[in-house]
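Taking it in order: structure first as structure tokens, then the write-up.
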Amino acid sequence: MARFPSVDPHTARAVQELVRGCTFDDFILSPQHSVLPRRDPALIDLSCQLTRGITLKRPIVSANMDTVTRAPMAVVQAEEGGLGIIDRGYRPGEIDPQVREVEKVKRTQHGVIRDPYSIAPGARITEASALMARSRVGTLVVVDDRRRLLGLLTERDLRFARGDAATVSERMTPRERLVVHHGSITLGEAERVMDERKIKKLPLVDESGTLQGLVTAKDLIRQRRRPFATRDGQGRLMVGAAIGAAGDYLERAAELVRAEVDVLVIDIAHGHSIVMDRALREFRKRFPDVQMIAGNVATAEGARFLVDRGADAVKVGIGPGGGCTTRITTSFGVPQVQALVDCRVAVNGSDVPIIADGGIKRHGALAEALLFGGDCAMLGSVFAGTEEAPGEVINKSVVLPESQKTVKVPFKVLRGMASIEAIRDRLDVEEADTGELEALGAEGMEISVPTRGSARTIVRDMMKHLCSSISYGGGASLDELRGLFWADPHRYLIKLSESARRESYDR
Ligand code: XMP
């Protein structure tokens, strides 16, 4: 398990002094003797803790924003070794849509499918076709009313079926012609059986013949193709969801837990608050064992406050986010590097990880976030405009500065979750005017972002750059670089003058 190294209090005090009032672009790191023959993300250990109980192989989490993370983004993040948090940008009481996003992720890939889609033998084949179309699966397990296995029905069985009156039992492959496994099975064993018997589906039953699960060749192949993927004990992709701290949050949590969400995020703008205090107490009473991230905070007191109330991870960042206007509208917040160092020192000695949330625009800032204090990092705007980001593509006319020609450029919208637009949608206040909404205290904005390929490419590029940072820093893994950095931070840290900052980061 990759834990952030413990931080020596004397060294920590010196770093706290140095980073006061500073953020990512105020520093550059001094190159060290490199020990890596290759900068290959497949060979370099980038693993980290997301929460006390969840390890990631890649230190990236996509933000719970309604223009960033829904099921398609969460799937890509988990496949690439990180995790996506489904936002709660739905109207109060509208819990189902968020639950469905979680279910979509959980059903994308399996090791063993514990509750495969099933149908009764007497059902019509039209019903079976409709269920296949709705659930987007090509195989249904046929079971009796006590869930005993009777057969398998695939799309192929329906292809030449004539007449709507035909029933499932007439078209299915009956149990006696199936290869069936009794009892539990490891994925390796399942692969061996399926290879030997040349089958694509292996139903699992107990001694009474009751269906226990289904293993499919497609899932096994996918598992092998994604060696870094973040999976649960059943080989399914992991996913998180945000719930807030008031209103329907406990009911929402209960529904999400029922859908087997892997981690919940109690996410409010100011997590060091009486609202959070009450929310955490109630949450822990109801869900003592659910992995739970709480935030956001940006001070040592804030971080300790969440740790003391049972958070399994602390999300750090007040105001650094790309779609965020908190600092402009309130003059409160903490520059992100200072916040990360202060919170790291505060959680030192506990096993509660820190999620560095917001402000990572250039890839190099990720390495800084992970050295200064983050076990992993949450990113929003970096993934905006990608294929997997929710929202429609809008073509906008843009004037090219060189030729003054007008061209159509495709954009997607990124909006802060506290922006007027997001609040309007969440609260269903179509009629309210901007003034009334501003009175609610908007702390975010809406930005158009040019569309740009898949988030998968961005994650992979970021991981390559992170490996390069590790190489420049003289480490052999993310963990080792953290250890070297905190053993002697002054060897690494160069505080930039204004002109050095321009030379480094202005392009
Ligand atoms: P980046 O910089 O990666 O940051 O886009 C993502 C984080 O920004 C936060 N966020 C907001 N903060 N008002 C805020 O003060 C908002 O409207 C808002 N929307 C998102 C959030 O922490 C996210 O993970």
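Both ligands and their constituent atoms are indexed starting at 1 by order of listing. When reading the values below, keep in mind they use all heavy atoms of this one structure, side chains included, and skip hydrogens, waters and symmetry mates. Note that this is a predicted model, so its numbers are computed, not measured.
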In terms of residue, atom name and distance, what is the protein heavy atom nearest to [atom]?
{"atom": "atom 13 (N) of ligand 1", "result": "E443 O, 2.5 Å"}
{"atom": "atom 19 (N) of ligand 1", "result": "M417 N, 2.7 Å"}
{"atom": "atom 17 (O) of ligand 1", "result": "A418 N, 2.6 Å"}
{"atom": "atom 15 (O) of ligand 1", "result": "T326 OG1, 2.5 Å"}
{"atom": "atom 21 (C) of ligand 1", "result": "D357 OD2, 3.6 Å"}
{"atom": "atom 8 (O) of ligand 1", "result": "G321 CA, 3.6 Å"}
{"atom": "atom 3 (O) of ligand 1", "result": "G380 N, 2.7 Å"}

Report task. Compute both the distance and the angle, then confirm whether K396 meets the cation-pi test with F411: under 6.0 Å from the six-membered ring centre, within 45 degrees of the axis. Result -> yes
Query raised in the report: Does R327 make a cation-pi contact with F332 (under 6.0 Å, within 45 degrees of the axis)?
Result: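 Verdict for F332: no cation-pi partner in R327.
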Query raised in the report: Looking only at heavy atoms, what is the nearest atom pair of T51 and P353, with distance?
Result: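 Smallest heavy-atom distance, with atoms named: C-CG, 3.5 Å.
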Query raised in the report: Under 4.0 Å from atom 23 (C) of ligand 1, is there any protein heavy atom?
Result: yes
Query raised in the report: Quick one: does atom 5 (O) of ligand 1 have a protein heavy atom under 4.0 Å from it?
Result: yes
Query raised in the report: For ligand 1, is there an N or O atom under 3.5 Å from any N or O atom of A63?
Result: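 N/O-N/O distance under 3.5 Å: no.
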Cationic N near anionic O, under 4.0 Å, [X] to [Y]:
{"X": "E94", "Y": "R252", "result": "no"}
{"X": "R309", "Y": "D277", "result": "yes"}
{"X": "D312", "Y": "R284", "result": "yes"}
{"X": "E103", "Y": "R100", "result": "no"}
{"X": "R88", "Y": "D66", "result": "no"}
{"X": "R3", "Y": "D479", "result": "no"}
{"X": "E260", "Y": "R236", "result": "yes"}
{"X": "K495", "Y": "D26", "result": "no"}
{"X": "R70", "Y": "D87", "result": "yes"}

**Report entry** Winner among C324, G322, S381 once heavy atoms are compared against atom 12 (N) of ligand 1
**Finding:** C324
Taking only heavy atoms of [X], which atoms of ligand 1 are found under 4.0 Å from at least one of them?
{"X": "L379", "value": "3 (O)"}
{"X": "N296", "value": "22 (O)"}
{"X": "M65", "value": "19 (N), 20 (C), 23 (C)"}
{"X": "M378", "value": "24 (O)"}
{"X": "S419", "value": "17 (O)"}

Please determine whether any non-hydrogen atom of [X] lies less than 4.0 Å from an atom of ligand 1.
{"X": "G319", "answer": "no"}
{"X": "V382", "answer": "no"}
{"X": "G359", "answer": "yes"}

